[in-house]
Amino acid sequence: MNQPIGAPKQYRDDVYVWVDEAIWGHRLYNDQTPWLVFLEFMAIFRSRQAEGVALNESRQDGAHENFTYEVPRLIPLRQLIFNNPYIRHVEETQDVDSNRWQSWLESFATDDDFGYLRDRFISFARLARVVEFFQTTAIEPHRQRRWSSRFLFPYGPNCLYADLPANMNGASDRRFFARSGELLYLMLNRSGKGPEIAKLISEKILRQDGTWNRVASALLPDESRINANPVSSRIGYLPYAERPEYEALAETWMRLLKLDLPGEALLDPLMRLSALHMLLYMLRRANEEICDPREPRFVLEIASPRKTTLFGLSTENLDANRMLSTRAVRAHVESAKTDRQWDLALGARVPADAVLAYLKERFAWRLEDGPPSGDPDTIFANLQEYAEKRHQRHVGKVHLEWARQIGLVVSRPGVGKWYSPDDSLLKALVMCTVDEGREEYHRFLGKLYDQFRLVIGASEAERAYGVLPTDQNAFTQNTQRLEQRLRTLGLLRRLSDDCAYVENPFRRRS
Amino acid sequence: MSHVNQLISFLRHYGPISASDNMYDELIQAEVERYGIDPAIHISPAYLQKVQKNFGSEEPRNVILTGTAGDGKTYHCRCVWGHFGGDPEQWEAGKKILSLWLPVSEKMLKIVKDLSELTQSEKDGLLADLAQAVTDKSQENVFLVAANDGQLLASWRDWSDTQGEEAHRVFKTVEDMLVEECTTSETLNLDLYNLSRLDASGHFEELVKQVVEHPKWSDCEGCELLKDDGSTTCPIRINRERLRGNSDGSVFRKRLGELMKLARSNHMHLPIRDLLLLGVNILLGDSQKRQILLTCKTAKNRAKKQDYHLTNPYANVFGLNLSERQRQQYQIFTTLEAFGIGRETDNKFDNVLIYGTYNDSDIYKEFVGKDLYYGASAYESYLRDYLEGERENIEEFMHALSRQRQRLFFSLPSEVLLDPWCLTVYQSSGKFLEFVEGLASGADVLRIRELLVRGLNRTFCGMMIDEGTELYLASAGGDGRGRIASLLNYQLSTKKSRRDLYLDFMLASDQATPCLKIIDPLRKEDPEVDSFNLQLTHFEYLVRVASGSLPSSFSRQCNEDFLDFKLRLIKRLDDLIGEPPSASEVNLQALTVSREGRVIPENIQIKVGV
């Protein structure tokens with residue numbers, strides 16, 4: 001395992017203890033759902049694309065990337081779409097177009113003057129339709145977030161903006177754009193395929209000339225006022241310079257971006273699979289910290305009318321995966337004792353003080369509740385407890401939250417939580433894995449394991465566990481249920497008793 | 001000693017009671033001789049003529065025969081062997097690969113009876129030679145290989161993984177041929193015949209005819225159940241008459257043939273071997289516990305006790321004389337059962353069946369009353385109990401009702417007021433067959449085309465559009481999978497044009513499935529922009545949606561298929577004819593639908609800054 005890059009001092013100074021960040025980076029955060037990770041990434045990309053260096057950031061050997069990116073606020077646009085109940089009301093209570101405009105402009109009092117909309121849209125009804133359109137296609141509409149954290153569907157660069165608190169002109173509070181998107185950006189940057197992917201992104205999903213992107217710009221006032229006072233930020237911290245996870249992530253992006261589909265249809269699968277790759281990254285890093293050489297795995301129980309033996313296995317698997325990050329934190333803190341510094345501190349004149357100083361230095365420990373008292377072991381236990389508690393608050397919840405959001409985990413009150421894929425995830429997996437247009441079914445299952453560690457059938461279970469963890473029949477039926485599911489999604493064709501093919505409907509005809 | 005007809009004993013061997021269900025053709029030879037069945041019952045192997053002609057030509061192509069067990073692959077090979085002078089004893093000797101000299105082309109024909117019999121190293125050797133033969137016409141060997149499709153692809157893929165790029169490309173071509181059902185390749189010296197993708201209806205007709213018209217039926221003379229005037233109470237002979245029909249033909253057989261055609265276009269497989277099994281089961285099926293098939297003796301018992309409800313040929317079509325587990329072993333029964341005949345119904349039919357006697361319905365009299373064995377007599381007692389009686393036998397009544405529906409399905413001629421296809425899951429099957437027929441013969445199918453286009457419009461836009469001549473491709477915004485798509489991307493005509501893109505319907509390469517194609521007349525070399533095969537399920541889906549059903553209620557799979565097609569098509573059209581956007585304004589077309597179902601496009605023009 002290559003050595004991690006040193007963390008920038010200002011970040012270490014910024015946190016109460018530097019453990020989660022040392023293991024996975026600064027930082028992963030449960031409240032930032034996979035869609036928001038994706039949006040943050042896109043915002044960063046756009047900013048860097050304007051400088052011509054998107055995903056091609058320079059980095060000195062052994063050093064971390066060091067750049068600042070800027071994200072516009074686009075307050076007028078968001079006011080219009082997400083903080084504007086007057087449009088509906090005016091449309092319903094007034095008939096004459098000019099009256100409508102007048103009423104609305106009066107009631108919609110903000111810092112900006114929206115008169116330019118009248119010149120551009122001419123009819124009030126048109127404006128209403130367009131606003132409605134953006135509202136109905138907004139991201140994650142069911143989440144009850146503050147209106148300043150609601151996001152448009154990213155039709156293009158003009159739809160990207162920063163997450164802001166209610167006071168939109170102040171500093172960003174990093175409540176929802178919590179830097180997980182920065183980690184995604186850094187991973188792709190370090191994958192070796194950054195420039196290629198950047199080109200594809202610009203051509204397919206972040207086009208200036210997209211229809212709805214231009215309509216969004218019509219909703220904004222003049223250019224000069226759009227980019228005033230952007231939110232500025234330094235890029236976060238990702239510990240390792242090279243990892244196979246980055247390359248796997250890049251491979252997924254390349255495959256999806258090359259499909260025969262309009263750009264907008266690619267966003268959902270990209271969002272889901274990026275989060276899946278990041279979950280795998282978390283698990284693998286955790287395994288490294290606890291020195292477990294095994295590969296992570298996800299045992300999927302395909303939805304069945306009756307409970308199967310795989311249910312128990314999958315539930316256990318999820319529990320173990322969730323616990324893994326906490327175990328990693330414990331091991332990481334524990335590793336302080338193996339350092340020579342620890343022994344030196346123990347041998348000092350006042351061991352307690354020396355140990356405290358050592359731990360404070362090593363983990364950037366800022367004592368929230370004042371200095372702990374007691375002997376070195378008590379102090380150490382204090383640190384352990386603190387690190388774990390902090391971990392449980394946010395980073396420890398990432399696995400379950402993200403896995404649920406991408407459709408990998410099902411949660412039923414009274415029954416439990418386990419790994420079971422939903423249709424959108426299955427479709428995304430087929431779109432990404434079946435890159436030659438079609439794949440024989442069992443080879444497809446093998447590829448799902450190779451690329452994403454998904455265990456559905458018996459041979460993958462054997463590869464993951466060494467021996468079959470439960471009876472073969474349960475796995476066989478699992479694959480049969482998946483086959484049926486794929487067939488209802490139009491993704492599988494059975495040719496005969498021993499021959500079935502998974503088909504990707506979006507592969508370019510060669 | 002009661003009278004026994006040897007033909008019956010012989011036929012029983014091909015019903016669903018055989019312990020071993022392979023070695024079909026070897027068995028026929030032995031049994032035919034034992035029972036003295038002359039002429040022997042045979043199926044003309046579908047591709048035999050073609051294959052023989054191929055190997056007799058000056059430049060023979062390599063041939064691969066695929067299919068599942070019982071499709072006749074080995075039989076084809078044996079006939080080819082014999083045709084070119086191979087020694088039958090050598091065939092029996094058991095060698096896996098046989099060689100034969102072809103004088104006309106001066107090549108060595110190598111026949112592989114069954115790929116799965118070869119060891120791994122033999123397979124590797126064979127595939128290496130075969131790959132060479134298909135890429136290089138000058139090779140001195142030419143091959144005839146019989147293999148299961150799954151086996152063939154797995155072996156070839158595994159072998160090509162150890163070779164280079166070229167071998168992998170060859171494998172991909174073969175895989176394409178099999179999956180796309182192409183029989184011949186333009187790039188490789190190879191023909192591939194998939195024996196499980198045949199039109200079973202023709203074979204079935206051939207088989208049934210041989211069975212019901214066989215001279216050995218005359219051996220029934222002298223039996224107590226057969227009177228001098230030809231009338232009979234023997235259930236076997238009664239069933240035979242049903243299959244024979246009258247001078248106008250047999251609706252029973254016709255309907256069976258149509259079911260098979262439909263199964264084929266829906267990619268539902270009917271093994272050839274199962275066809276004889278079906279015929280025998282219809283004739284001899286016996287629902288008495290553990291009997292399964294009639295013998296001459298048990299037939300007499302049924303006749304004496306008038307237990308005709310046990311020998312119902314219409315129920316036998318679906319293997320209802322077998323236990324559920326036994327039934328599921330035979331592909332043909334699961335395929336036919338998928339049509340839902342007996343379960344599906346509508347008010348018109350049930351009205352006739354349940355109230356027909358009280359309404360003095362002509363249809364009832366003609367089609368239920370007149371059938372003395374399987375119609376009213378088998379059914380009326382349950383009906384009376386249900387309508388007037390104690391209702392103690394509700395379950396029995398439901399079974400009897402179900403069997404009447406099955407019988408009606410197979411006995412209603414198409415011209416009557418009631419459409420027999422309403423008794424199946426695929427209610428538009430009649431239209432489907434008409435459509436395929438029309439596309440093949442060039443007849444006028446305009447009404448069906450309009451119906452399909454209407455269904456497409458409703459699916460693509462998610463709104464109750466009533467338009468059958470223009471196709472609207474609209475998107476939903478966001479990631480494109482929303483149900484209501486009201487932003488128009490493209491509008492395509494269904495009329496042929498010399499300049500503009502249009503939508504057309506034609507038959508796919510298998511000549512049995514209708515296919516929807518988008519044509520760009522300006523691209524001479526490759527006018528087809530995109531295409532979509534309309535299997536029976538898709539056709540049914542479109543007809544139902546056009547008639548008012550919600551797009552995701554009949555079949556989620558079809559809905560997904562069509563939405564994927566729409567997204568892909570929009571992307572291709574964007575690449576082909578997408579116009580660069582105007583710099584100063586954005587033009588959108590929003591669709592709304594009037595109460596009459598007319599599409600009203602509304603032009604939205606928005607001025608944008610530079």
Side-chain angles (χ1 to χ4, degrees), chain A residues 116 119-123 126-127 129-130 133-134 136-139 153 155 209-212 214-215 217-223 259-269 423-424 427 436-438 440 442-443 487-491 493-501 503 505-506 509-510, chain B residues 66-69 148-154 157 172 175-176 178-179 181 194 196-197 267 269 331 475-482 484 486-487 489 530 555-565 567-568 570-572 574-575 580-581 585-588 590 602 604-610:
Chain A
Y116 61 89
D119 303 322
R120 294 184 189 171
F121 283 81
I122 316 289
S123 118
R126 266 188 217 156
L127 174 67
R129 293 290 76 69
V130 166
F133 173 82
F134 280 116
T136 49
T137 56
I139 300 292
F153 187 88
Y155 294 102
D209 59 1
T211 308
W212 288 102
R214 299 173 69 219
V215 173
S217 73
L219 288 172
L220 286 163
D222 295 327
E223 190 73 41
L259 287 179
D260 213 356
L261 262 188
E264 288 105 26
L266 293 175
L267 300 185
D268 183 280
D423 290 342
S424 308
K427 197 138 199 188
E436 281 184 356
R438 70 172 73 93
E440 196 270 322
H442 292 281
R443 286 172 62 100
R487 202 173 321 155
T488 50
L489 291 172
L491 299 171
R493 208 201 303 202
R494 180 158 270 286
L495 299 183
S496 75
D497 274 342
D498 50 24
C499 196
Y501 272 84
E503 297 189 316
F506 305 114
R509 213 168 34 152
S510 50
Chain B
T66 66
T68 47
N148 270 6
D149 44 11
Q151 284 260 348
L152 174 70
L153 290 175
R157 185 190 302 112
K172 274 290 165 188
E175 191 188 51
D176 277 345
L178 222 146
V179 178
E181 299 179 12
N194 190 339
S196 52
R197 292 269 170 265
H267 288 193
H269 178 44
Q331 186 103 44
S475 352
D479 63 0
R481 300 212 78 88
I484 300 195
S486 53
L487 299 167
N489 294 75
D530 208 341
S555 162
R556 175 111 187 273
Q557 174 190 346
C558 291
N559 193 22
E560 296 277 330
D561 280 349
F562 282 117
L563 288 181
D564 287 344
F565 173 66
L567 284 178
R568 200 176 66 218
I570 290 179
K571 172 77 175 38
R572 291 202 183 163
D574 281 343
D575 290 342
E585 62 190 18
V586 172
N587 278 303
L588 295 167
E602 189 193 324
I604 299 187
Q605 207 178 47
I606 305 170
K607 293 202 179 59
V608 290
V610 176

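Proteins get letters first, then strands, A, B, ... in listed order; numbering begins at 1 in each.
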Q) Could you state the interatomic distance from CD1 (B:Ile604) to CG (A:Leu127), rounded to the nearest 0.5 Å? A) 10.5 Å
(Q) Please identify, among A:Arg493, A:Arg129, A:His442, A:Arg494, the residue contributing the most non-hydrogen atom pairs under 4.5 Å to chain B. (A) A:Arg493
Q: Below 4.5 Å from any heavy atom of chain B, which atoms of A:Phe134 appear? Answer side chain, backbone, both or neither.
A: neither
Q) Side chain, backbone, both or neither: which part of A:Leu267 has an atom under 4.5 Å from a heavy atom of chain B? A) neither
Q. In Å, rounded to the nearest 0.5 Å, how long is the span from NZ of B:Lys571 to CG of A:Leu261?
A. 8.0 Å
Q) Which one of A:Leu491, A:Val215, A:Leu266, A:Val130 has the most heavy-atom pairs closer than 4.5 Å to chain B? A) A:Val215
Q: With sequence neighbours excluded, tell me which residues meet side-chain contact (heavy atoms from CB on, under 4.5 Å) with B:Glu175.
A: A:Arg438, A:Tyr501, B:Leu153, B:Arg157, B:Phe171, B:Lys172, B:Val179
Q: Supply the atom-to-atom distance A:Leu219 CG to B:Ile606 CD1, rounded to the nearest 0.5 angstrom.
A: 7.5 Å
**Q.** A:Pro505 backbone acceptor or donor facing B:Arg568 side chain under 3.5 Å
**A.** yes
Q | chain B contacts, top residue of A:Ala265, A:Ala500, A:Gly437 (heavy-atom pairs, under 4.5 Å) | A | A:Ala265
**Q.** B:Ala590 versus chain A, the contacting section by heavy-atom distance below 4.5 Å
**A.** neither
Q | Gap separating the CD atom of B:Glu585 from the CZ atom of A:Arg214, nearest 0.5 angstrom | A | 8.5 Å
Q) What residue in A:Pro262, A:Ser123, A:Gly263, A:Gly210 has the most heavy-atom pairs under 4.5 Å with chain B? A) A:Pro262
Q. A:Asp209 versus chain B, heavy atoms under 4.5 Å apart: side chain, backbone, both or neither?
A. both
Q: Could you tell me whether A:Lys427 and B:Glu560 have a side-chain N and a carboxylate O separated by less than 4.0 Å?
A: yes
Q. What distance separates B:Asp575 CG from A:Asp260 CG, expressed to the nearest 0.5 Å?
A. 7.5 Å
Q: Measure distances from B:Asp561 to the heavy atoms of chain A and classify the residue's part below 4.5 Å as side chain, backbone, both or neither.
A: side chain
Q) In terms of heavy-atom pairs under 4.5 Å with chain A, which of B:Asp574, B:Val586, B:Asp564 leads? A) B:Asp564
Q: Let me know if A:Arg487 has heavy atoms under 4.5 Å from chain B in its side chain, its backbone, both or neither.
A: both
Q | Residue pair A:Asp423 / B:Arg556, side-chain heavy-atom distance below 4.5 Å | A | yes
Q) Mind checking whether A:Ile122 and B:Lys607 have side chains closer than 4.5 Å, heavy atoms only? A) yes
Q: Report the residues that fulfil side-chain contact (heavy atoms from CB on, under 4.5 Å) with B:Leu487, sequence neighbours left out, ordered by chain and then residue number.
A: A:Phe133, A:Trp212
Q: Over all heavy atoms of both residues, which pair between B:Ala476 and A:Thr137 is shortest? Give the atoms and the distance, please.
A: O-CG2, 4.2 Å
Q) Which bit of A:Arg126 is near chain B, if near means a heavy-atom gap under 4.5 Å: side chain, backbone, both or neither? A) side chain
